[in-house]
Amino acid sequence: GAGVSQTPSNKVTEKGKYVELRCDPISGHTALYWYRQSLGQGPEFLIYFQGTGAADDSGLPNDRFFAVRPEGSVSTLKIQRTERGDSAVYLCASSSRGWRTDTQYFGPGTRLTVL
Amino acid sequence: QQQVKQSPQSLIVQKGGIPIINCAYENTAFDYFPWYQQFPGKGPALLIAIRPDVSEKKEGRFTISFNKSAKQFSLHIMDSQPGDSATYFCAASIEIQGAQKLVFGQGTRLTINP
């Protein structure tokens with residue numbers, strides 16, 4: 001079946017602009033995670049959704065970052081007033097129920113470049 | 001406390017050799033330890049995982065060794081192949097409302113020479 005998909009695959013924007021990154025999880029997966037991966041580093045947790053609600057947003061770096069999942073499937077990560085330091089690969093993952101030993105399936109990521 | 005330290009940063013091994021990647025953690029609340037494999041341009045994919053009540057787990061050519069008292073765990077790849085060349089991440093999981101919150105190590109870029 002289809003895996004986790006993310007669009008766009010690449011996004012180049014200018015400092016100060018607003019961007020939206022989209023994640024389509026595996027169908028039926030209730031848990032959805034966003035991570036940020038800087039060059040040469042491991043993924044860093046941003047936010048976790050169980051259904052429509054953000055169960056843990058402790059990884060969001062500041063209030064310029066916001067994520068939604070209004071219908072419990074597709075999620076959008078929104079970044080306002082982008083800064084050069086926001087440049088990274090943004091990864092989305094989903095798991096079937098969100099249980100602690102469920103496998104998290106990752107998408108290919110969106111590479112964000114802020115000029 | 002939330003960090004997972006991974007070493008080495010990069011590793012080159014001849015085909016058939018046994019690369020070993022090591023990780024260490026501090027937070028005893030971590031209760032699940034997966035390893036992920038990532039190829040360029042792809043997202044990480046789960047390779048193998050272990051719970052802290054087990055000292056070793058083997059799946060095919062991949063083995064995790066876990067030392068709870070030392071708070072260390074390692075990945076061994078037996079009979080390594082050029083196709084195993086990738087970046088490997090260890091991770092540790094802490095529970096958030098019944099789900100996983102993964103903390104990743106910094107990654108090891110593994111190259112298997114033919």
Side-chain angles (χ1 to χ4, degrees), chain A residues 2-10 21 23-26 29-60 88-111, chain B residues 1-10 21 23-25 27 29-54 57 59 64 75 86-110:
Chain A
V4 177
S5 62
Q6 293 186 244
T7 54
S9 55
N10 281 283
L21 311 179
C23 172
D24 280 87
I26 292 172
H29 280 194
T30 61
L32 186 146
Y33 306 80
W34 282 99
Y35 294 84
R36 179 168 69 176
Q37 186 173 23
S38 299
L39 191 63
Q41 300 295 315
E44 181 184 3
F45 171 84
L46 295 177
I47 187 170
Y48 156 62
F49 287 90
Q50 181 57 258
T52 60
D56 184 342
D57 64 358
S58 62
L60 294 178
V89 174
Y90 289 82
L91 294 164
C92 175
S94 70
S95 67
S96 58
R97 296 153 298 183
W99 290 6
R100 55 212 287 179
T101 56
D102 281 354
T103 298
Q104 289 190 27
Y105 295 90
F106 283 80
T110 293
R111 181 176 297 278
Chain B
Q1 269 265 323
Q2 289 286 64
Q3 284 186 330
V4 177
K5 295 184 179 179
Q6 183 173 346
S7 63
Q9 210 168 0
S10 63
I21 304 170
C23 287
Y25 64 97
N27 191 345
F30 288 137
D31 61 0
Y32 183 65
F33 301 87
W35 285 86
Y36 281 81
Q37 181 188 54
Q38 186 175 29
F39 292 103
K42 306 290 186 184
L46 180 67
L47 195 60
I48 185 173
I50 197 167
R51 300 187 65 137
D53 53 349
V54 176
K57 183 173 182 181
E59 285 185 4
I64 301 178
L75 175 71
T87 300
Y88 292 80
F89 294 96
C90 63
S93 171
I94 195 164
E95 180 182 344
I96 42 168
Q97 300 199 23
Q100 290 181 2
K101 180 175 182 177
L102 292 175
V103 178
F104 284 85
Q106 299 91 329
T108 297
R109 179 173 290 186
L110 175 65

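Lettering follows sequence order; numbering is per chain, from 1. Everything numeric here is computed off the predicted structure, so don't read it as measured data.
- For the atom pair B/I50 CD1 and B/I64 CD1, the distance stands at 5.0 Å (nearest 0.5 Å).
- Although no hydrogens or angles enter the test, the distance criterion places no donor-acceptor pair under 3.5 Å between the side chain of B/Q37 and the main chain of B/A86.
- When the candidates A/G109, A/P43, A/G42, A/G107 are compared by the number of heavy-atom contacts under 4.5 Å with chain B, A/P43 comes out ahead.
- Without hydrogens or angle criteria, B/Q3 side chain to B/A24 main chain gives no donor-acceptor distance under 3.5 Å.
- Annotation: residues 31-38 of chain A contacts chain B through A/Y33, A/Y35, A/Q37 [non-hydrogen atoms, separation under 4.5 Å].
- Only the side chain of A/S58 comes within less than 4.5 Å of a heavy atom in chain B; its backbone stays farther off.
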Indicate every side-chain donor-acceptor pair of residues 29-36 of chain B with a distance under 3.5 Å to a residue at least two apart or in another chain.
residue, atom, partner, partner atom, Å
B/D31, OD2, A/R100, NE, 3.3
B/D31, OD2, A/R100, NH2, 2.1

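- Using a 4.5 Å cut-off between heavy atoms, B/Q38 contacts chain A through its side chain alone, with no backbone atom that close.
- Under the side-chain contact (heavy atoms from CB on, under 4.5 Å) criterion, A/N10 pairs with A/R111, sequence neighbours left out.
- Among residues at least two apart or in separate chains, salt bridge (charged side-chain N to carboxylate O under 4.0 Å, His left out) pairs with a member in residues 42-58 of chain A are A/D56-B/K101.
- From A/Q104, atom CD reaches atom OG of A/S96 across 10.5 Å, with rounding to the nearest 0.5 Å.
- Interface remark: B/R109 contributes no atoms to any contact with chain A (heavy atom separation under 4.5 Å).
- Within a 6.0 Å radius of CD in B/E59, more than 12 heavy atoms belonging to other residues, nucleotides or ligands are found.
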